[in-house]
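A quick write-up on the structure given underneath.
This structure is a prediction, so every number in the text was calculated from the model and none was measured. Values reported hereafter were calculated over all heavy atoms of this structure, with side chains retained and with hydrogens, waters and symmetry mates removed.
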Amino acid sequence: MLLIDSHCHLQAEAFEPDRAAVLAAAREGGVERILVPGWDLESSRQAIDLARASRLDASAGIHPHVAAGADDATWADVVDLADEPEVVAIGETGLDYDRGFSPRVAQLVNLRRHLLLGRALGKPVILHCRSRAGERDAHDDLLRELAAAGAGTTDWPTDRGRPPALLHSFSGSADYAERALAMGLAVSFSGLVFRRGEEVSAQVANVVPADRLLIETDSPYLSPPRAPRRRNEPQWVRVTANWLANQRAEDASVLGPQLVSNYDRVFARS
């Protein structure tokens, strides 16, 4: 089966001892495309370096967890990195009201910067979104900010069928997904779909248009069943891919090429 990993933190310290072997195992397992997202300035630089050295793709951005520590100078450096040819997306960014490591005001300012940058450069914005259990305020705020930025309208033009943004490691309600899809967003599924409380992901997997569907590992996090719990790796994206094929009642040999095609369009290099 042809595979992609649209979100894998290969620059993380967890991969320091054997990064080359991890990449080799992924490629042997059919993973044709890998995107390495940054979560702060330094990890964005590392993502770009890794992409250059290993024929991967990168993104540059500030995660909501560290939004409070990103001053104007840091953001200016992220903007500079966003122009690098290896950078095919902006982020990861978003809102996380569950852990709340940064104040909500700081998260919102950070998110707006990324949305404006993505719109200006024509690169999709990678969005993380988590609300506390039983709540949906982060999800509603994210949709509100996307609408305010012009997602899904002529105010945010897209090129070559690229979505304005994508919901990474999907988690949320069906109507949240439907509203995001109505704005033209792509949706990516990870090993999170196997966790208790994420059952709605199966429903959402069936309504995402075929050309806006992605999968990921979010390595080294979110190990799916049968993968080692100590550290997720891009090769284990096949577990989520098989889940997705089953949910959509599609043959894996058909789904795989579609995922590669989607990746190449969503993350097309300029």
Side-chain angles (χ1 to χ4, degrees), residues 2-66 70 74 77-94 114 117-118 121 123-128 162 165-169 186 188-192 214-224 227 231-238 240-241 259-260 262-270:
L2 296 179
L3 296 167
I4 63 168
D5 190 347
S6 65
H7 198 108
C8 171
H9 298 290
L10 269 176
Q11 77 278 53
E13 185 178 356
F15 294 112
E16 196 63 37
D18 58 350
R19 190 172 288 114
V22 169
L23 268 173
R27 286 171 171 151
E28 185 176 347
V31 183
E32 297 282 327
R33 307 285 189 273
I34 295 176
L35 189 149
V36 183
W39 62 84
D40 60 13
L41 179 57
E42 183 57 28
S43 65
S44 296
R45 287 175 173 149
Q46 292 170 345
I48 294 169
D49 289 343
L50 184 56
R52 286 174 180 158
S54 303
R55 294 182 292 109
L56 308 175
D57 296 306
S59 70
I62 305 293
H63 195 282
H65 285 343
V66 295
T74 299
D77 286 340
V78 170
V79 172
D80 287 342
L81 292 180
D83 269 329
E84 295 294 329
E86 295 81 10
V87 173
V88 297
I90 307 302
E92 84 184 86
T93 186
H114 285 76
L117 181 60
L121 296 181
K123 296 181 179 183
V125 183
I126 300 173
L127 298 171
H128 166 108
R162 282 180 176 177
L166 63 115
L167 302 180
H168 127 73
S169 190
S188 180
F189 295 96
S190 72
L192 190 65
L214 296 166
I215 56 172
E216 63 178 89
T217 57
D218 200 15
S219 300
Y221 314 109
L222 303 182
S223 293
R231 185 188 70 179
N232 197 7
E233 297 180 12
Q235 65 169 311
W236 295 106
V237 74
R238 66 177 181 267
T240 304
L259 292 171
V260 173
N262 292 350
Y263 181 104
D264 288 344
R265 187 186 64 260
V266 172
F267 301 121
R269 293 204 181 193
S270 301

If you round to the nearest 0.5 Å, how far is [atom2] of [Y] from [atom1] of [X]?
X: R19; Y: E233; atom1: CZ; atom2: CD; value: 12.0 Å
X: D57; Y: D5; atom1: CG; atom2: CG; value: 11.5 Å
X: L121; Y: D83; atom1: CG; atom2: CG; value: 5.5 Å
X: I126; Y: F267; atom1: CD1; atom2: CZ; value: 5.0 Å
X: D218; Y: E92; atom1: CG; atom2: CD; value: 6.5 Å
X: T217; Y: R238; atom1: OG1; atom2: CZ; value: 12.0 Å

(Q) I need the minimum non-hydrogen distance between A58 and A51, along with the two atoms involved. (A)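 The pair with the smallest heavy-atom distance is CB-CB, 4.0 Å.
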Q. Can you name the nearest heavy-atom pair linking S44 to L81, along with the distance?
A.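 That closest heavy-atom pairing would be CB-CD1, 3.9 Å.
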Would a 4.5 Å heavy-atom cut-off, applied to side chains only, mark [X] and [Y] as touching?
X: F15; Y: P220; value: yes
X: Q46; Y: L50; value: no
X: R27; Y: R55; value: yes
X: I62; Y: T93; value: no
X: Q11; Y: D49; value: no
X: V87; Y: I48; value: yes
X: N262; Y: I4; value: no

Q | Result of checking S190, S188, S6 against S169 for side-chain hydrogen bond (donor to acceptor under 3.5 Å, both in side chains) | A |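 By the side-chain hydrogen bond (donor to acceptor under 3.5 Å, both in side chains) criterion, S169 pairs with just one of S190, S188, S6: S190.
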Q: Return yes when atom CZ of R52 has more than 12 non-hydrogen atoms of other residues, nucleotides or ligands closer than 6.0 Å, and no otherwise.
A: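 Yes, CZ of R52 has more than 12 neighbouring heavy atoms, counting only those of other groups under 6.0 Å.
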Q | Derivation and outcome, side-chain contact (heavy atoms from CB on, under 4.5 Å), residues L127 and H114 | A | CA-CA 10 Å; L127 298 171; H114 285 76; over 6 Å; no
Q. Taking the six-membered ring for Trp, are H63 and H65 parallel (under 30°), tilted (30 to 60°) or perpendicular (over 60°)?
A.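 Correct class here is tilted.
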Using atom types as modelled, flag every donor-acceptor pair under 3.5 Å from a side chain in residues 28-40 to any protein atom, sequence neighbours excluded.
residue: R33; atom: NE; partner: D264; partner atom: OD1; Å: 2.7
residue: R33; atom: NH2; partner: D264; partner atom: OD2; Å: 3.0
residue: D40; atom: OD1; partner: E42; partner atom: N; Å: 3.4
residue: D40; atom: OD1; partner: S43; partner atom: N; Å: 2.8
residue: D40; atom: OD1; partner: S43; partner atom: OG; Å: 2.7

Q: Pick out which of N232, L10, V22 makes a side chain to side chain contact (heavy atoms under 4.5 Å, CB included) with S219.
A: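 Answer to the side chain to side chain contact (heavy atoms under 4.5 Å, CB included) test with S219 among N232, L10, V22: N232.
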Q: Might you work through the side-chain contact (heavy atoms from CB on, under 4.5 Å) test for R231 and D18, ending with a clear yes or no?
A: CA-CA 12 Å; R231 185 188 70 179; D18 58 350; 2.9 Å; yes
